[in-house]
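Right, one structure below, let's go through it.
All values below were derived from every heavy atom in this structure, side-chain atoms included, with hydrogens, water molecules and symmetry-related copies excluded. Letters A, B, ... are given to chains in the order of the sequence lines, protein chains preceding strands, and every chain is numbered from 1.
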Amino acid sequence: MKTINYNDYDTIKLYVKKSKQDSIIRHYQILGWQVYETQDNNKYDDIVDLTLIREHKIKNKDELQLLQVYMEENFNETAKLEKEKHSKTTILGLCFGVFSLSLIVLGVLTLLKVLTLDLFAGIALLVLGTLIAISQAVILPRLVKNENAKFRDKLKEKEVELHLISEKIISLTGEHYE
Amino acid sequence: MNKGTNGKIKTNDSIFALKLRTESNGLGVLKTVIVVLLIAIQAGILVLAYLYFMSVFQWYLAFAIIMTLITCVYVLSSDFHGQAKATWILFLLTCFSFGYVIYFMSDKHILFAKSRKKFEKILKETENLQKQIDLSTLNEKEVKINCDYLFNAGKFVAHKNTKTTYYPTGTQLFDSILDELRKAQDFIFIEFFIVSNGVLLNRILDILKEKVKQNVDVRIIYDDMGSHRTLKRKTKKEIIDAGIKLQSFNKLVPVFNIALNLRDHRKIIVIDGKVAFTGGANLADEYVNEKRMHGYWKDSGIKLEGSAVDNLSIAFLSQWKFITNKNIDYKSYLNRAESFNDDVDDAVVVPFVSGPNYTFSIAQNMYANIIANAKEKLYIMTPYFIPDETLMNLIKNKARSGVDVRIFIPDIADKKFVYIVTRNNVEKLLDYGVKVYTMTHSFIHSKIILTENSAIVGSINVDLRSFNQQFESAVYTNEKSILDAVMFDFTDTIRYSKELTFEDRKRNKVSYRMLAGLFNLISPFM
């Protein structure tokens, strides 16, 4: 591989999620960056190492550098949103799931006389556990639905934001953007 | 860890979509750990020795109480500001058995005495090298007062014969530096807090090596604390082997010594005595946004062409003499600038330096002067905002008097605890009508202050470290083109900033407020 002339070209090296690679490259290209080298990351399966180059002296460089940061933040925030889309519901589901299951197991063990608790207590534990499990089964899908709606709104916001950033970049570079 | 068939880890959860590689960030971590560990061991031995001393000699308790009281009186009569005094006294009373020892060990007046004498000798040698210009023609009284102050405080002469250019970003600043370095014929002086391996240093070294071959005298001073994690030993050798004279300021040695806290935070480049640069940016890739540290890096700087360059030549050579102890023929490096038409307007340019080698803080006093004289507007851009009570009150009073006061700070912290104090301090100013802006997804590292008739561009942060413990460089000017350019930079920054509101302040958690209170207590030492 030829060494890059750092007096004439700027270089950035990126770790990029494979699933986002195309979109990220497309957005860097409108900033004037060109892919110089692509390599699989030697540690992580889902990461690709990219080396991008751009001419050192370009018009509106300061503003482009700032917009590049905004774009990078947008990509990371969007991916974070996707990753943490159902984090609250998952935690809630897990906590109540374990709790209701524990109550049901305790109730069954009491009914089977493995535990020396009162029979009524066993029934009560079983009923309570089942009720929690049922209510969870009713509530959780609604929560997931709410989370999905919120996620869609936030994602839309991020998309609009990214579009505006891209428009600004294009107005500075004149690059074509699809 | 979930490994795939190829032996690689399936997913990297720390990266959401992308991350810029910052390879040199971890340079010298081991060295830092070793130095910190050795210093901690020495501090521990000291404390243990004192505890042993106390248990063996019962009367030590009475001695310690008397010493603490004497130290408290000494602190109260010192020239520290109120908050620093209160913090020291609280420390002395809490740690009365050994606190006074720590205090005297960290007193720069005692510790720095020998170095200060050396500095005083150097200052004496240089004070008559330049003559002050006639300031009676200046229309603005405030500007004359500031020029007089700088001359009387540090013999910093005002210049009319100087062309200035302001750079609102590190990228523009260093591109101009590279262009000017290529033109050098006689000498190049470079002084930076951080010199870091990377593309920027490579670009500069390529030129410097070429210049050495052309018999240009190239000298570099770097701060050993600022650069020890970023500048490789191999690169230092490469620089020296190329014939460049390289010196480090205040070497980082693993010995418990509070003087290690006194750092060379200056950013100076002088070329042939004709062109000079100073500002906030260090010699590292993040300052030109070719490496990502804390979001977008906002910095600034100024170029001087003309006789004002001499002020920075003298400052560099003085520092060089302090480090090397070698005699310097200052005059051979001065009066080399081209002549510019100095009758155009009333503009003056005064490059100046500040540091613990002076008995008072020139940087802080200049900031105080400028703030006190603001009549219409007072704009400050700084990465850290930890002023003392006096500056804080001056700013509050200005805002209350109807002056348009605006403060610009980063949106991203480089040092979390310092940022908490900074945010806490600016949030207090909201009550007085001060407008505070945080530049989105960015780290503001510019150090600028602007009023309707004056500006300072340089390396001075609005914090007590910059004012009292660090060697700084800056340019004071009333030149209209610079005032306009700096003003444009402020208005342009607003486009990318968020204004801090009372609602933002209300959203602060109790734990955050408690932390801010605690950090505020120790802020005199930050």
Side-chain angles (χ1 to χ4, degrees), chain A residues 3-21 23-25 27-28 40-52 54 56-58 60-84 158 162 165 168, chain B residues 1-23 167-175 178-179 182 198-207 285 288-292 294-300 411-412 439-443 489 492-493 495-496:
Chain A
T3 39
I4 301 161
N5 176 358
Y6 50 71
N7 285 311
D8 296 334
Y9 290 96
D10 291 350
T11 313
I12 49 166
K13 291 176 179 182
L14 293 166
Y15 296 119
V16 174
K17 283 269 177 192
K18 273 183 184 163
S19 56
K20 312 267 177 199
Q21 188 180 344
S23 169
I24 287 171
I25 289 176
H27 281 87
Y28 271 98
D40 277 341
N41 187 273
N42 53 19
K43 197 174 170 191
Y44 297 100
D45 227 3
D46 65 333
I47 300 290
V48 63
D49 299 354
L50 293 179
T51 305
L52 308 179
R54 181 172 69 183
H56 178 68
K57 290 202 172 172
I58 53 164
N60 304 309
K61 191 170 177 180
D62 299 323
E63 207 164 352
L64 288 175
Q65 284 179 330
L66 178 62
L67 291 168
Q68 183 182 318
V69 173
Y70 285 5
M71 191 194 80
E72 287 162 1
E73 287 295 326
N74 185 289
F75 267 115
N76 280 327
E77 281 167 10
T78 308
K80 197 178 170 192
L81 273 178
E82 283 166 8
K83 199 183 165 194
E84 294 172 355
K158 288 284 154 201
L162 184 62
I165 294 167
K168 255 190 193 173
Chain B
M1 214 172 284
N2 193 0
K3 286 199 173 185
T5 46
N6 54 4
K8 288 186 193 175
I9 301 162
K10 273 192 173 170
T11 55
N12 181 343
D13 292 334
S14 65
I15 298 173
F16 292 111
L18 76 153
K19 189 184 171 193
L20 248 72
R21 281 160 70 175
T22 52
E23 285 136 315
Y167 300 102
T169 64
T171 306
Q172 285 186 33
L173 173 72
F174 277 103
D175 274 352
L178 289 167
D179 287 343
R182 287 187 190 103
V199 179
L200 183 64
L201 183 63
N202 289 343
R203 283 179 194 143
I204 288 177
L205 283 183
D206 279 358
I207 300 171
D285 289 353
V288 288
N289 282 294
E290 290 189 44
K291 193 168 89 176
R292 194 80 68 240
H294 314 287
Y296 175 76
W297 198 287
K298 165 82 178 86
D299 227 308
S300 61
D411 180 38
I412 300 174
M439 192 178 177
T440 320
H441 296 314
S442 307
F443 180 67
D489 187 18
D492 201 44
T493 307
R495 283 171 58 208
Y496 293 102

If you round to the nearest 0.5 Å, how far is [atom2] of [Y] from [atom1] of [X]?
{"X": "A:D10", "Y": "B:N289", "atom1": "CG", "atom2": "CG", "value": "10.5 Å"}
{"X": "B:Y296", "Y": "A:E72", "atom1": "OH", "atom2": "CD", "value": "12.5 Å"}
{"X": "A:K61", "Y": "B:T169", "atom1": "NZ", "atom2": "OG1", "value": "9.0 Å"}

Scanning both residues in full, the closest heavy-atom pair of B:R203 with A:Y9 reads NH2-O, 3.7 Å

What heavy-atom pair brings A:Y6 and B:D206 nearest, and what distance separates the two atoms?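 Distance-wise, the nearest heavy atoms are OH-OD2, 2.8 Å.
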
Kindly write out the residues that satisfy side-chain hydrogen bond (donor to acceptor under 3.5 Å, both in side chains) with B:D285, not counting sequence neighbours, or none if the list is empty. none

Residues in side-chain hydrogen bond (donor to acceptor under 3.5 Å, both in side chains) with B:T171, at least two apart? A:Q65

Let me know which of A:I12, A:V69, A:L14 forms a side chain to side chain contact (heavy atoms under 4.5 Å, CB included) with B:R292.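 Among the candidates, only A:V69 passes.
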
Is it the backbone or the side chain of [X] that comes under 4.5 Å from a heavy atom of chain B, or both, or neither?
{"X": "A:E82", "value": "neither"}
{"X": "A:E73", "value": "side chain"}
{"X": "A:Q21", "value": "neither"}

Among B:D175, B:N202, B:V199, which residue has the highest count of heavy-atom pairs closer than 4.5 Å to chain A? B:N202

Sort B:T440 into side chain, backbone, both or neither according to what part of it lies under 4.5 angstrom from a heavy atom of chain A.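 Both parts, heavy atoms under 4.5 Å.
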
